[in-house]
Amino acid sequence: PALLAFGLYGPIVAFAGRTLSESVSTAFLVIAVEALDRATLRERWEGLLGGFALGLAVVTRYPSGVIVLAALAWLVLRRRWKTLYYAVFSGAAVAGLLGLLDWLTWGSPFHTLRQYLEFNVFSDLAERQFGRHPWHWYFPWLGQLPAWALIAIPFAVMKPGNRLGLPLFASLVYFIVISVTPHKELRFLYPVLVLLTLFGAGGLLAEPTPRDSMAAIGLAAAVVEARDPEAVIGSFAADHVIPDGEAFRACVAEAVEVA
């Protein structure tokens, strides 16, 4: 249900068939944050895939570099050094190919990136040509988030080890940057809406069938294992009839220590 709800989100469907750079870049960002946010034992491949996708996200749209820096900072905060190493390695490889392409087509490495920064960051040319808006201009448009995501995001935040997941952290950093940037367009908000919806999808967990709780327990176990391989899971079918709650909690705590 989470995958279906995310895939059918209105802006994703509307942007999917368009040739705007936001469409392609955000698709790579989804692949990247999903790979880097997993925290499983396959850190090498997740780092390589995440870094490669982040690199392609920047190649297709330079402003996505803000999200790339946020993702790398997030890995540092989480102390996931191995994943960070491989992500930087594969991302640097993509950046090197971009520099080579610019050298072959424009005569100097990273020519297009330098021109973008000069026009949009280091001068006021962008706002003079396209206009400017106040810092709070994007806030009303956050209402474009689906209702289920607004409900699910708090549940995603409450998940163990997921209080500041990568999609949430990256979207918040990017939102702050585009809010303080004078030149604004609605399409610039698209990555924020998609990443917040992706994060909210992690708060949706439905039992595949209402006739048996074992499938739901198995699904929950798979989700927890993917997020934290060292986590301990317990299932208590009759917890509502336990008379001594304190003793029960003490037994569970001791069982977790033994496990």
Side-chain angles (χ1 to χ4, degrees), residues 5-16 18-30 32-34 36-37 54 57-58 60-77 113 115-159 162-204:
F6 175 71
L8 293 179
Y9 174 42
I12 293 179
V13 175
F15 272 72
R18 300 190 179 188
T19 56
L20 294 173
S21 60
E22 285 80 7
S23 302
V24 180
S25 181
T26 303
F28 287 127
L29 289 175
V30 169
V33 299
E34 182 64 18
L36 297 176
D37 197 40
L54 287 176
V58 175
T60 52
R61 183 174 182 267
Y62 286 141
S64 295
V66 174
I67 296 179
V68 172
L69 295 177
L72 298 180
W74 183 84
L75 290 173
V76 171
L77 292 174
L113 176 59
Q115 290 296 310
Y116 168 82
L117 294 174
E118 176 63 30
F119 185 84
N120 292 279
V121 180
F122 300 131
S123 72
D124 61 350
L125 294 175
E127 60 179 291
R128 283 165 52 190
Q129 182 168 341
F130 299 107
R132 59 180 298 154
H133 293 88
W135 64 271
H136 52 80
W137 190 73
Y138 286 119
F139 279 84
W141 296 99
L142 291 176
Q144 295 296 316
L145 286 168
W148 64 261
L150 294 173
I151 297 173
I153 285 175
F155 290 97
V157 171
M158 289 187 292
K159 283 188 173 182
N162 197 46
R163 295 189 182 278
L164 194 59
L166 179 53
L168 178 62
F169 180 77
S171 60
L172 290 178
V173 172
Y174 179 75
F175 182 75
I176 292 173
V177 171
I178 63 174
S179 293
V180 300
T181 302
H183 170 54
K184 296 177 175 63
E185 295 183 35
L186 283 179
R187 61 189 177 94
F188 297 167
L189 190 63
Y190 178 67
V192 174
L193 297 177
V194 173
L195 291 179
L196 286 178
T197 304
L198 176 66
F199 181 73
L204 296 178

Enumerate, atom names and distances included, each donor-acceptor pair closer than 3.5 Å involving a side-chain atom of residues 170-179, sequence neighbours excluded.
residue	atom	partner	partner atom	Å
S171	OG	P167	O	2.8
S171	OG	L168	O	2.9
Y174	OH	R61	NH1	3.1
Y174	OH	R61	NH2	3.0
Y174	OH	F188	O	2.9
S179	OG	F175	O	2.7

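- Here the CG atom belonging to L193 is positioned 11.5 Å from the CD atom belonging to E22, to the nearest 0.5 angstrom.
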Sequence neighbours excluded and cut-off under 3.5 Å, please list the side-chain donor-acceptor pairs for residues 125-135, or say none.
residue	atom	partner	partner atom	Å
E127	OE1	R132	NH1	2.7
R128	NH1	D124	OD1	3.3

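- For S23 against Y190, the heavy-atom pair with the smallest separation is CA-CE2, 4.2 Å.
- Contact check for W74 versus D37: side-chain heavy atoms found under the 4.5 Å cut-off.
- The two atoms that bring L29 and A57 nearest to each other are CD2-CB, 3.6 Å, heavy atoms only.
- A side-chain contact (heavy atoms from CB on, under 4.5 Å) with T26 is found for exactly one of L20, V194, V192, namely V194.
- Considering T197, L196, L145 as possible partners of L150, the one that fulfils the side-chain contact (heavy atoms from CB on, under 4.5 Å) test is L145.
- Take F155 and apply the ring pair (Phe, Tyr, Trp, His ring centres under 6.0 Å) test, not counting sequence neighbours, and it matches no residue.
- Across W148 and G200, no two heavy atoms sit closer than the pair CZ3-C, 4.0 Å.
- Once rounded to the nearest 0.5 Å, the distance linking CD1 of I153 with CG of L198 reads 10.5 Å.
- Rounded to the nearest 0.5 Å, atoms CG (L189) and CH2 (W141) are 9.5 Å apart.
- Note that CG of L75 and CG of L166 are 7.0 Å apart. Values are rounded to the nearest 0.5 Å.
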Inset, instruction - Using the side-chain contact (heavy atoms from CB on, under 4.5 Å) rule, take V58 and F28 through it: C-alpha gap first, then chi angles, then the decisive distance, then the call. - result: CA-CA 9 Å; V58 175; F28 287 127; over 6 Å; no

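- Separation of atoms OH (Y62) and OG (S25) is listed at 11.5 Å; rounding is to 0.5 Å.
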